[in-house]
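Have a look at the structure below before the remarks.
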Amino acid sequence: MSSMNYSGNSLSFVLRLFFASFFLICVPAFGDDGAESVNARGSFEERYGSYGDFYSPEDSENLSHVYYEYGTPATKWTVLVYMSGSKMESSYGEGSGVLLKMASSCANPNVRILAQTGGSSRWRGGKISSKKLQRYRLSNGRLELVSELPSDSMGKAETLSSFIKWGRENYPADRYMILFWGEGSSVSSGFMHDEIYQDDFLSVLELKDALSEGGTHFDIAAFDSSLSQSLELCRAISPYAHYSVASEETMIPFGFDYESWVSYLSKNCSCAVQSLCKKIADSYFDFSSESLFEECTVSVVDLTRIGPLYRSFVKMSDEMQDASSTIVGVKMLSLAARNSLAFGIYGKLDRSNMLDLGDFANLAGFALSDSTYELLSNLDDAVIYERHGAKREDATGLSFFYPLDSSSDELDSYASFSENGAYLAYIDAISDYWRAPPWVYGFFPPSKNQVPSLSESVPVRSRDFPVRLDESETAWGEPLLILTSGSESISSVDFGLLFMESSSGRILNVGFREASSIDETGIRYGDALSLSCMSMDSNVMNCIYMEENFDSLDFSVPVLLNGRRTNLLFSQNPDGEGYSLSGAFDSMSFRSPMPRKRNLLRTGDMLEFIFTDIESFAEIPMGYTTFGSSNKISFRNLPDGNYMGYYVVTDVFGNTYESLGRVFRISSGVILPAQFMSE
């Protein structure tokens with residue numbers, strides 16, 4: 001496979017040039033009538049103006065909170081730490097380790113750090129009980145127990161609001177900060193997952209209700225949980241906090257560098273609030289860099305500026321809904337989404353559906369009008385500080401939910417708190433398997449901050465672009481896919497490889513990756529890896545494509561690590577010659593928390609490579625090795641045996657189509673003609 005030598009800027013330029021070319025080719029399909037229709041129905045401001053910045057009167061009152069940036073040496077701080085330990089504590093002791101670090105770094109009586117613990121079946125340090133909710137004061141290296149409550153879910157709004165009220169009443173201060181430490185996931189799946197109460201979590205609505213009921217306006221809301229710096233979450237908390245500090249991406253173990261920023265606050269009670277936010281962000285970035293976590297992102301968002309940004313997102317959503325009236329518009333937005341920077345990726349079919357807002361707006365700008373420029377300007381105003389690692393060059397500081405691969409349950413969950421009717425109508429238009437709630441279309445009055453869709457556009461539907469597949473083979477006998485109709489609605493094409501084990505009769509999945517177009521028509525597709533496979537110490541591995549970065553390709557491989565199910569992460573070397581092992585990481589699924597980027601490998605670990613039986617779905621270990629410094633990783637020809645190659649086509653409406661597959665035999669690296677299969 002050839003090396004990728006693009007810099008971040010040059011790759012970005014190439015993608016944008018592609019979109020511009022695509023637009024110029026296809027723009028006649030929009031037609032002049034479409035432009036006249038948009039003008040005839042009135043401007044966005046005329047139609048949506050009555051909704052202001054989309055805040056309720058109660059929220060607007062909270063937003064008018066009087067704020068002072070600088071303090072004095074006598075300024076009192078109360079920091080509330082809401083810690084749901086979950087498996088991060090019960091398995092690794094990370095939660096109690098964080099509390100001890102905070103306690104050892106705070107020596108100023110004007111800085112009161114209060115932690116509520118729960119959500120873990122076992123606490124490994126600090127004599128913390130898993131059978132009760134406990135509240136501690138952290139200072140001078142000690143965890144002082146100051147209150148206990150009966151066990152309850154950390155995923156309940158009442159549990160959080162009770163802690164906030166208690167902290168304010170017992171430790172009044174000039175400055176308030178709230179910090180959430182726990183497991184996070186896609187904004188549709190909540191955060192602060194509780195291991196004791198069946199993985200219960202705080203939803204966006206529950207978080208908003210808890211902050212409202214808590215009655216405290218926070219100078220800083222910090223989220224030490226994965227995937228938390230999203231537009232939707234910032235929108236929900238903006239009436240109750242001034243700044244948000246969080247990451248768009250998965251967090252590393254332990255999270256923020258608590259020794260660094262807690263010591264800074266302890267010595268600088270008079271510091272500007274922005275300075276503390278940037279200290280938290282900088283120290284986390286440095287902490288991540290030391291861990292060689294190149295996917296790191298962290299940003300500081302001024303929540304007082306979320307209103308204009310959210311309004312521009314609704315405006316962009318309105319245009320996206322209009323674009324869904326043509327197949328060209330739908331396809332351009334689908335391409336923009338699939339080429340945008342995505343977070344929380346562990347495999348081709350194992351992703352969080354959280355995209356970078358700015359990167360998407362840049363790419364979608366070729367299909368939309370001025371709304372993307374307005375959004376990017378407001379995004380730049382709202383994100384006042386942002387840092388990212390080498391593999392997240394296009395990060396702009398805020399993510400948003402986009403249904404690349406979503407279930408109807410996940411979309412129902414998202415719709416339960418989304419107030420953007422235009423965006424829900426767009427999701428409805430591109431998702432054959434889901435329908436937006438009735439309020440989106442004005443079938444009954446919206447409630448509180450909900451903004452119904454006011455577009456009159458009629459979306460195109462998949463039935464107008466039926467997808468039909470045919471199969472053939474290349475001159476070398478490799479499986480070939482031919483799209484005989486519906487190519488204009490195709491979003492992605494993937495190649496799957498099955499091994500037909502002769503001794504047991506099992507059919508095992510041995511690879512799933514993105515296919516490549518082999519001509520300029522977008523109709524013929526082949527296997528991008530030409531039937532080669534990844535191997536480690538001569539063991540074939542089930543290679544699953546993850547993502548393409550500026551100088552590498554990333555793959556995940558399912559394994560048993562000392563008997564425990566997890567995934568290896570491999571990256572193509574920058575020179576294009578061979579692959580290197582980046583670590584071992586757990587994966588996620590809908591409504592399960594996003595595991596932190598924890599490298600689980602140690603010298604001497606036993607690795608067993610997993611293949612899935614497609615009939616029983618059983619995971620079969622086949623081949624093993626011991627992890628160490630001498631492991632040989634390479635791509636190789638497929639071992640001798642019988643195989644089936646098949647293709648999975650996904651259209652822009654979320655439908656998938658699977659080819660019948662082509663059976664072939666490999667012997668000594670050569671594909672044999674079909675007549676030799678029985679020999």
Side-chain angles (χ1 to χ4, degrees), residues 81-102 115-134 136 143 151 153-155 179-186 189-202 223-228 247 249-258 287-288 291 293 295 344 346-347 350 352 556 558-569 582-608 610 619 627:
V81 181
Y82 193 70
M83 177 173 283
S84 184
S86 66
K87 294 179 182 177
M88 294 188 296
E89 172 60 30
S90 61
S91 297
Y92 306 104
E94 291 167 2
S96 54
V98 163
L99 295 178
L100 291 170
K101 288 180 181 179
M102 296 181 79
Q116 176 164 303
T117 59
S120 179
S121 60
R122 176 191 178 193
W123 289 83
R124 290 175 169 262
K127 298 182 179 180
I128 301 171
S129 173
S130 61
K131 301 184 182 302
K132 300 177 182 179
L133 295 177
Q134 295 184 314
Y136 291 88
L143 274 61
S151 178
S153 172
M154 295 289 280
L179 186 144
F180 297 92
W181 193 97
E183 291 184 319
S185 50
S186 164
S189 305
F191 69 116
M192 305 305 291
H193 293 252
D194 189 307
E195 181 182 34
I196 300 174
Y197 290 87
Q198 299 179 323
D199 236 8
D200 187 27
F201 56 84
L202 276 174
F223 294 85
D224 194 338
S225 60
S226 297
L227 308 174
S228 294
S247 172
E249 186 54 276
T250 306
M251 299 289 288
I252 61 172
F254 293 100
F256 294 139
D257 186 351
Y258 290 94
F287 202 17
S288 299
S291 303
F293 181 40
E295 295 89 350
Y346 285 85
D350 193 7
S352 71
S556 66
V559 297
L560 292 178
L561 173 60
N562 299 324
R564 180 178 179 274
R565 177 66 164 82
T566 187
N567 306 278
L568 300 182
L569 176 62
S582 302
F585 309 104
D586 294 345
S587 59
M588 67 163 289
S589 59
F590 174 59
R591 290 196 181 278
S592 72
M594 173 62 71
R596 300 198 177 205
K597 288 285 190 179
R598 181 181 294 105
N599 191 335
L600 304 172
L601 288 173
R602 300 289 187 273
T603 299
D605 284 343
M606 176 65 70
L607 296 171
E608 297 177 85
I610 289 175
E619 293 189 324
F627 176 70

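- Using a 30° and 60° split on the angle between ring planes, F180 and Y82 fall in the perpendicular class, above 60°.
- A donor-acceptor contact closer than 3.5 angstrom is absent between the side chains of Q134 and S129.
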Check against side-chain contact (heavy atoms from CB on, under 4.5 Å), L227 and E249: CA-CA 5 Å; L227 308 174; E249 186 54 276; 4.2 Å; yes
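- Judged by distance alone, with hydrogens and angles left aside, the side-chain atoms of S226 form a donor-acceptor pair with the main-chain N or O of M251 at under 3.5 Å.
- Rounded to the nearest 0.5 Å, atoms OG (S153) and CG (L202) are 7.5 Å apart.
- Side-chain contact between L560 and L607 is absent, with no heavy-atom pair separated by less than 4.5 Å.
- In this structure, D194 contributes its side chain and M154 its backbone to a donor-acceptor pair below 3.5 Å.
- Side-chain contact between V98 and E94 is absent, with no heavy-atom pair separated by less than 4.5 Å.
- Side-chain atoms of S84 never come within 3.5 Å of backbone atoms of S86 as a donor-acceptor pair (strictly under, hydrogens ignored).
- Annotation for G190 and F201: closest pair CA-CD1, 3.5 Å, computed over non-hydrogen atoms.
- Note that the CZ atom of R602 and the CG atom of L561 stand 9.5 Å from one another [nearest 0.5 Å].
- Residues S151 and Y197 share a closest heavy-atom pair of OG-OH, 2.8 Å.
- The minimum heavy-atom distance linking S120 with I196 is given by the pair O-CD1, 3.3 Å.
- Listed here is the closest heavy atom pair of A584 and L568: CB-CD2, 4.0 Å.
- For M88 against G182, the heavy-atom pair with the smallest separation is CE-C, 3.3 Å.
- Evaluation of the side-chain hydrogen bond (donor to acceptor under 3.5 Å, both in side chains) rule for E608 yields no partner, not counting sequence neighbours.
- Note that CZ of R122 is 9.0 Å distant from OG of S91, once rounded to the nearest 0.5 Å.
- Looking at residues two or more places apart in sequence or on another chain, you find a salt bridge (charged side-chain N to carboxylate O under 4.0 Å, His left out) between D224 and R596.
- Side-chain atoms of S186 come within 3.5 Å of backbone atoms of S352 as a donor-acceptor pair (strictly under, hydrogens ignored).
- Between L99 and Y136 there is no side-chain heavy-atom pair separated by less than 4.5 Å.
- Residues V81 and Q116 have side chains not in contact (no heavy-atom distance under 4.5 Å, counting atoms from C-beta outward).
- Side chain of Y258 to main chain of G97: no donor-acceptor pair is present (N/O by atom type, distance under 3.5 Å, no hydrogens or angles).
- Listed by chain and number, the residues in a salt bridge (charged side-chain N to carboxylate O under 4.0 Å, His left out) with K131 amount to none (sequence neighbours excluded).
- Of all non-hydrogen atoms in S225 and F191, the two that sit nearest each other are OG-CD1, 3.8 Å.
- Of the possible polar contacts, one joining the E89 side chain to the S96 backbone as a donor-acceptor pair under 3.5 Å is found.
- Atoms CZ and CG, on F627 and L601 in that order, are 5.0 Å from each other to the nearest 0.5 Å.
- Looking only at side-chain heavy atoms (C-beta outward), K127 and L143 stay at 4.5 Å or farther from each other.
- Side-chain N or O atoms of W181 include one that pairs as donor or acceptor with a backbone N or O of F254 at under 3.5 Å.
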